[in-house]
Structure formats: structure tokens, C-alpha cells
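For reference, the structure discussed in these notes is given below.
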Amino acid sequence: MKFLLAFIILVIAAVLVRKLLRFKTLTPLLPRKYNFGKRRDTLREVLRLLDERGARVLLETGVARMGLEKSKGDGASTIVFGLWAKQNDAHLYSVDIDPEATQRAGQAVAEMGLSDNVTLVTSDSVAYLDDFTETVDFLYLDSYDYHKTDTAIQTASQDHHLKEIKAIEGCLHDKTVILIDDCDMPNGGKGKLVIEWLTGRGWKVHMSEYQVILVQST
Ligand SMILES: C[S@@+](CC[C@H](N)C(=O)[O-])C[C@H]1O[C@@H](n2cnc3c(N)ncnc32)[C@H](O)[C@@H]1O
């Protein structure tokens with residue numbers, strides 16, 4: 001009986017420790033209660049690079065449609081980069097094809113007091129990036145949803161992200177930081193073709209986890 005009790009306590013302790021280790025916060029940018037899971041370390045590194053490089057123009061494809069609610073599942077990117085923009089006198093442009101997604105993200109942005117530093121646009125991202133004229137200091141690619149098993153969706157998503165990078169290439173410079181989401185996925189994830197294309201043009205993979213960071217120079 002004693003052994004069984006000790007075993008149960010040990011299992012509960014192990015589960016709690018595992019949970020704690022997987023709970024990854026972005027403090028002090030956001031309160032401790034928000035878990036950024038597998039994206040936390042790449043997000044932290046991106047924010048460090050943006051600080052170091054004094055980024056001013058941030059651009060992302062795929063808005064945080066659930067605001068901070070899905071910090072672990074989706075990344076809450078618009079809030080994370082919007083907050084950084086507010087604290088650093090920068091501006092985030094965020095585009096999404098789904099009007100409901102931009103509307104919801106707009107609510108979250110307003111609730112966080114970020115409206116002056118975030119512009120949300122409803123459009124196909126490739127068309128929007130094609131027309132974008134400002135010099136981009138940070139680019140985050142996270143639009144066309146990937147799929148774990150459907151290879152047709154995987155290919156379509158990879159093609160779409162490749163079109164995005166080709167559309168915005170002319171606005172990038174040698175200190176631009178690029179982040180791509182959902183890369184550690186079957187068949188290479190969203191970044192497969194983009195990374196091949198960028199590394200063929202002198203970009204370097206700076207950090208590769210679930211998300212991938214690329215830069216030209218360190
Ligand atoms: C994974 S979600 C973005 C998650 C967000 N970055 C976050 O951190 O919460 C992908 C988004 O891409 C959008 N999307 C899909 N196809 C698109 C396209 N062609 N142009 C722009 N946005 C697109 C979807 O509407 C969806 O809101």
C-alpha cells in the first residue's frame with residue numbers, strides 16, 4: 001500500500017514537473033500566465049534581434065485571429081509584435097485574407113491599446129506584399145494553413161509562402177530578420193520552399209526549431 005501511494009505521488013510529481021517545463025512564458029513582455037510553448041525560444045530570439053537592430057517596420061502574414069487566447073496553439077503573433085512595436089516606437093502591418101480574422105484581431109489589438117502601432121489589412125497576402133513599398137525590418141510568414149497529412153494542402157501552403165517571399169523580396173535589406181512559422185512539420189512545413197529559396201540567395205538559418213529565423217548577417 002505504501003509503495004503504491006509513493007508511486008502515485010511520484011507519477012503526479014513527474015506530470016507536474018513536465019507541465020511546468022513545457023510552460024514557456026514571454027515575460028516581461030507579457031504576463032506569466034501566457035504559455036508560448038514550442039514558439040517561445042524563437043520568439044524571444046527574434047525580439048532580441050529586433051532590439052539589437054532597432055527595427056521600425058514589422059510585417060506579418062496571418063493575423064492572430066484569437067488575440068492572446070491561443071498563445072500556445074497559434075503564437076498570438078499580432079499581439080506579441082504589436083506590443084514590441086508599441087514599446088519601441090515601431091509599426092506592425094498585418095494582413096489576412098479572412099475578414100473575420102482581421103476583425104477579431106482588431107478587437108484584441110484595441111483591447112491591448114495597440115491600435116496606433118498596428119495596421120490590420122484584409123487582403124490576399126501575396127497581393128498585399130506585392131504592393132508594399134516600405135523597407136521591411138522584420139518579416140513574419142504565417143498565412144496559408146499547413147496540414148499534417150494532406151499533401152495537396154502542404155504543397156499549396158509551401159507554394160503560397162514562396163510567392164509571399166518573392167513578392168516582398170524588393171523591400172528586404174541586409175539587416176532584415178525573417179521568421180517562418182510551422183516549419184517543423186511533415187514534409188518541411190510552411191518554410192520548406194522559402195528556406196531553400198532564401199538560402200540560395202545568401203540568407204542564413206539563424207535558428208531552427210518549430211519556427212525558423214533567417215538573417216543575412218549576424
Ligand atoms: C495560422 S493562422 C495565423 C496565426 C497567427 N500568426 C497567430 O500567431 O495567431 C493563418 C492565417 O492565415 C490566413 N490566410 C490563409 N490564406 C491566406 C492568404 N492567401 N492571404 C492572407 N492570409 C491568409 C488565415 O485566414 C489565417 O487567419
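When a ligand or atom number is given, it counts from 1 through the structure's own listing order. What you see is a predicted model, and the numbers here were worked out from it, not measured in a lab.
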Check: Should the pair R201 and W203 be classed as cation-pi, given the thresholds of under 6.0 Å to the six-membered ring centre and 45° from the axis?
Finding: no
Checklist line | Shortest protein contact, atom 20 (N) of ligand 1 (heavy atom only) | finding: S125 N, 2.9 Å
Next item on the list: From the options D98, D181, D96, I97, select the one whose nearest heavy atom is closest to atom 24 (C) of ligand 1.
Entry: D96
Check: Are any of the heavy atoms in R65 under 4.0 Å away from ligand 1?
Finding: yes
Note to self: With a cutoff of 4.0 Å, is S123 in contact with ligand 1, counting heavy atoms of the residue only?
What the structure shows: yes
Next item on the list: Ignoring angles and geometry beyond distance, decide whether A101 reaches within less than 3.5 Å of ligand 1 through its nitrogen or oxygen atoms.
Entry: no
Next item on the list: May I ask you to say whether K190 pairs ionically with D182, meaning some side-chain N is under 4.0 Å from a carboxylate O?
Entry: yes
Notebook entry, point to check: Which atoms of ligand 1 are found less than 4.0 Å from any heavy atom of G75?
Noted result: 8 (O)
Check: Going by atom types only, do D174 and Q216 share a side-chain donor-acceptor pair under 3.5 Å?
Finding: no
Note to self: I'd like to check V95 versus T122 (side-chain heavy atoms, cut-off strictly below 4.5 Å). Are they in contact?
What the structure shows: no
Next item on the list: May I ask you to check whether D74 has an N/O atom sitting below 3.5 Å from an N/O atom of ligand 1?
Entry: yes
Item checked: Atoms of ligand 1, numbered as shown, that sit under 4.0 Å from any heavy atom of A64 -> 5 (C), 7 (C), 9 (O)
Notebook entry, point to check: Looking only at non-hydrogen atoms, which of T102, V63, V126 approaches atom 5 (C) of ligand 1 most closely?
Noted result: V63
Next item on the list: For atom 8 (O) of ligand 1, state which one of G62, S77, A105, S143 supplies the nearest heavy atom.
Entry: S77
Item checked: Stacked cation flag K38 on Y210, 6.0 angstrom / 45 deg -> yes
Notebook entry, point to check: Going by the angle between their ring planes, with limits at 30° and 60°, are Y140 and F138 parallel, tilted or perpendicular?
Noted result: parallel
Next item on the list: Examine the proximity of ligand 1 to K70 and report which part, side chain or backbone, both or neither, has a heavy atom under 4.0 Å away.
Entry: neither
Item checked: Option set D142, D124, T122, D145, criterion heavy-atom distance to atom 18 (C) of ligand 1, minimum -> D124
Item checked: Heavy-atom side-chain contact between D142 and E60 under 4.5 Å -> no
Next item on the list: Verify whether the ring centers belonging to F7 and F3 lie closer than 6.0 Å.
Entry: no
